[in-house]
Amino acid sequence: MYQVAASVRAGRLVVVLAEFEPPPHPIHLVYPSARLVPAKVRAFFDLVLGHVT
């Protein structure tokens, strides 16, 4: 759902058969200490965490 959530909220897409949608699966972000995280990885984390509802 995170891939299309903005479009659903904006009304550009409509969820069909929502009652058959499986429950979401959690994901885990595992990384070394914060000072060793490359900027690209940090940007990815920020992007993913920005989509958490």
Side-chain angles (χ1 to χ4, degrees):
M1 183 66 172
Y2 68 90
Q3 298 100 329
V4 297
S7 293
V8 171
R9 281 193 300 272
R12 291 186 299 270
L13 294 177
V14 177
V15 177
V16 295
L17 301 174
E19 63 272 12
F20 297 103
E21 186 175 337
H25 296 287
I27 63 168
H28 302 276
L29 301 175
V30 180
Y31 56 94
S33 68
R35 63 188 168 109
L36 299 177
V37 177
K40 288 190 270 186
V41 175
R42 183 75 241 168
F44 173 73
F45 290 165
D46 293 341
L47 174 72
V48 170
L49 294 174
H51 286 77
V52 174
T53 56

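Residues that satisfy the ring pair (Phe, Tyr, Trp, His ring centres under 6.0 Å) test with Phe45, not counting sequence neighbours, are Tyr31. Under the side-chain contact (heavy atoms from CB on, under 4.5 Å) criterion, Val15 pairs with Met1, Val8, Ala18, Glu21, sequence neighbours left out.
By the criterion of side-chain heavy atoms lying less than 4.5 angstrom apart, applied directly or through intervening Ile, Leu, Val, Met, Phe, Trp or Tyr residues, Val4 is not grouped with Val16; the two fall into different hydrophobic clusters.
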